[in-house]
There are 2 protein chains.
Amino acid sequence: MKTKDSKIPEATIKRLSTYVNYLGRLGTDSNPVISSEMLGESCQVSPAQIRKDLSYFGEFGVRGVGYDTKKLEAEIKDILGINHSWPTTVVGVGKLGQALLNFDFFRKHGFRIIVAFDSDPRKIGTKITDDIAILPTNDIENIVNEKKISIGIITTPTDWAQDVADKLVAGGIKGILNFAPIKVKVPESITLRNVSITSELDNLAYLLTQKKRQ
Amino acid sequence: MKTKDSKIPEATIKRLSTYVNYLGRLGTDSNPVISSEMLGESCQVSPAQIRKDLSYFGEFGVRGVGYDTKKLEAEIKDILGINHSWPTTVVGVGKLGQALLNFDFFRKHGFRIIVAFDSDPRKIGTKITDDIAILPTNDIENIVNEKKISIGIITTPTDWAQDVADKLVAGGIKGILNFAPIKVKVPESITLRNVSITSELDNLAYLLTQKKRQ
DNA sequence: CTAACAATGTGATAACTGTCACACAGTCGT
DNA sequence: ACGACTGTGTGACAGTTATCACATTGTTAG
Ligand SMILES: NC(=O)c1ccc[n+]([C@@H]2O[C@H](COP(=O)([O-])OP(=O)(O)OC[C@H]3O[C@@H](n4cnc5c(N)ncnc54)[C@H](O)[C@@H]3O)[C@@H](O)[C@H]2O)c1
Ligand SMILES: NC(=O)c1ccc[n+]([C@@H]2O[C@H](COP(=O)([O-])OP(=O)(O)OC[C@H]3O[C@@H](n4cnc5c(N)ncnc54)[C@H](O)[C@@H]3O)[C@@H](O)[C@H]2O)c1
């Protein structure tokens, strides 16, 4: 894969993720090739934007024809790094944590959840879907280190998010996806993303308010 | 509230949401005033950015002093439109839907969930937390219309998201928050936001891959 | 073989967003 | 009362991202 070393817009990465999703669904035997216009229709992105996004990473299409659906899907998965297995853990097996643990998207995109953690004695020792054990929070550091877990997903109450992040970092985690509504602090070397479902709702409220106020 | 009619960056709205969250937590009796520097420290946003964001909507601080924590919180809630009650419904009472239904953030930000919908006969007729009934999908149009529900949250499987969106629109919904990984199509007049948890994970994978590849 | 065609890849340009420096307006101590 | 001080509000600037137009290149029909 040719990666031009210029900086890639974050929005481009987000769109690539969308493209992969649609390519997986649109690719059929009767329809092995797709144009940027057709893909754009589905993803609600302009054809030029799609071509620009892809051009950051190389040339994947055939001029005058379009893109091989399956091949493009594989190429983008390669770019995103979701074509292989990331050992992953979920900390906080509450409502949201359980939803994520049962979410089949993970497997499809190469996130292999191998263990979960919680502090509730009633949950510790039980299992999620056969093979995912729930271990006590105090084991985080050891297990993350031992199992070479690279991604940690935080779904604990807000007040515990920072403590959990610290334990994950101590165990040698590489990246953290945090769902608690707080900006946890981690060393520079750790890749961190905060998911803010709440701000999406606030944004919706703002847009509706705008419309009402004209 | 003074609203300058120039276009506000979406990123600004997202940050305002963050500010509200921290103001609610930082505001104490012993600490009634906060500076953009202090708030920026917590939110991991530059002080200048905070002041710029606020300046789109008016002047809320006192020069040489800072912002009245409680007052600023109220002002931002007013800007975002989360200082009053939005009648809301959740469609699809699965793992994710249940997590959202039990999420106390909603009440705090003025989203009042008054009913839920599902197509599973085993779920229809049951209740969530005392007072939220689960009704059949076919009732969506009537109930949304009757109860003047303004916001619909979609947490059904992907294949049903568009159908559910159509029903919500038919009932006169104002805004939709969609968690299914598909871009549902709605009339221009409907405010739509797609929440893509999946793309957040893909983004994390990308960042980790970048780091690995150097 | 060649010309008409179709859809990509990309440089130029426009639009948007964030950063910075500083004028300005309140506050507080003397 | 007034000057030193502090942190806001904002215009100018820089950096980033999206849009557009079209040159380019592979395909296909005649
Ligand atoms: N529920 C939602 O829809 C939703 C949406 C967005 C964000 N969030 C955020 O996600 C987080 C979890 O939400 P939830 O609704 O699943 O809450 P929950 O109360 O259902 O689950 C929290 C879980 O974390 C466990 N826990 C508590 N302290 C812990 C610790 N120190 N270490 C490990 N586990 C611990 C609890 O035992 C519980 O199982 C919260 O921060 C919430 O703000 C939730
Ligand atoms: N679970 C997650 O963590 C997660 C994360 C991101 C996005 N999502 C998306 O959210 C959606 C729901 O995920 P989930 O894990 O909760 O799935 P789920 O299977 O647990 O729940 C789906 C629910 O929708 C109901 N349903 C099915 N068809 C319906 C219809 N036509 N009308 C109303 N209700 C209907 C089902 O009865 C079920 O209760 C999916 O589109 C998924 O891709 C889930």
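Chain A is the first sequence line, chain B the second, and so forth, proteins listed ahead of strands; every chain is numbered from 1.
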Self-check item: Contact list for residues 168-192 of chain A, test salt bridge (Lys or Arg N to Asp or Glu O under 4.0 Å), sequence neighbours left out
Solution: none
Practice problem: Give every residue pair that meets the salt bridge (Lys or Arg N to Asp or Glu O under 4.0 Å) criterion with at least one member in residues 193-210 of chain B, sequence neighbours excluded. | Solution: A/R193-B/E200, A/E200-B/R193, B/E10-B/R193
Quiz item: What are the residues of residues 11-26 of chain A, sorted by number, that bring a heavy atom to within less than 4.0 Å of DNA chain C?
Solution: none
Practice problem: Report yes if some heavy atom in the side chain of A/N21 is under 4.5 Å from a heavy atom in the side chain of A/H109; otherwise report no. | Solution: yes
Quiz item: For B/K52 and B/I34, take the nucleotide of DNA chain D holding the closest heavy atom to each; which residue's nucleotide lies nearer the 5' end?
Solution: B/I34
Rounding to a whole Å, what distance do you find between [X]:[atom1] and [N]:[atom2]?
| X | N | atom1 | atom2 | value |
| --- | --- | --- | --- | --- |
| A/K71 | C/dT8 | NZ | P | 14 Å |
| A/F57 | C/dT10 | CZ | P | 13 Å |
| B/D68 | D/dT8 | CG | P | 13 Å |
| B/L39 | D/dT8 | CG | C1' | 14 Å |
| B/I8 | C/dG18 | CD1 | P | 12 Å |
| A/E75 | C/dT8 | CD | C1' | 15 Å |
| B/E59 | D/dG11 | CD | P | 10 Å |
| A/K7 | D/dA18 | NZ | C1' | 16 Å |

Self-check item: the helix from C/dC1-D/dG30 to C/dT30-D/dA1: angle between end helix axes, five pairs per end, rounded to 10 degrees
Solution: 10°
Quiz item: So, is B/Y56 close to the C/dG18 phosphate, meaning a side-chain N or O under 4.0 Å from OP1 or OP2?
Solution: no
Quiz item: Is B/S36 near enough to D/dT8 that one of its side-chain N or O atoms lies under 4.0 angstrom from OP1 or OP2?
Solution: yes
Quiz item: Cut-off 3.5 Å, side chains only: do B/Q162 and B/D166 have a donor facing an acceptor?
Solution: yes
Quiz prompt | B/T137 versus B/K167, side-chain donor and acceptor atoms under 3.5 Å | solution = no
Practice problem: Output, in order, the C-alpha distance, side-chain angles, deciding distance and verdict of side chain to side chain contact (heavy atoms under 4.5 Å, CB included) for B/I34 and B/Y19. | Solution: CA-CA 11 Å; B/I34 194 168; B/Y19 304 157; over 6 Å; no
Please tabulate, one pair per line, all N/O donor-acceptor pairs under 3.5 Å involving side-chain atoms of residues 144-154 of chain A, not counting sequence neighbours.
unit_1 : atom_1 : unit_2 : atom_2 : d
A/K148 : NZ     : A/N145 : O      : 3.3
A/S150 : OG     : A/P87  : O      : 3.3

Practice problem: Report the residue from A/T156, A/V115, A/D118, A/T155 that forms a side-chain contact (heavy atoms from CB on, under 4.5 Å) with A/V91. | Solution: A/T156
Self-check item: Check against side chain to side chain contact (heavy atoms under 4.5 Å, CB included), A/K70 and A/E73
Solution: CA-CA 5 Å; A/K70 283 283 160 228; A/E73 187 187 353; 3.6 Å; yes
Quiz item: Where do B/R15 and B/Q49 land on the side chain to side chain contact (heavy atoms under 4.5 Å, CB included) test, with the steps shown first?
Solution: CA-CA 9 Å; B/R15 284 189 296 268; B/Q49 182 73 73; 2.9 Å; yes
Quiz item: How does each nucleotide of nucleotides 21-30 of chain C score, in 5' to 3' order, for protein heavy atoms under 4.0 Å: base (B), sugar-phosphate only (S), or none (-)?
Solution: B--BBSS---
Quiz item: Of all heavy-atom pairs between A/F60 and A/L54, which one has the smallest distance, and what is that distance?
Solution: CE1-O, 3.5 Å
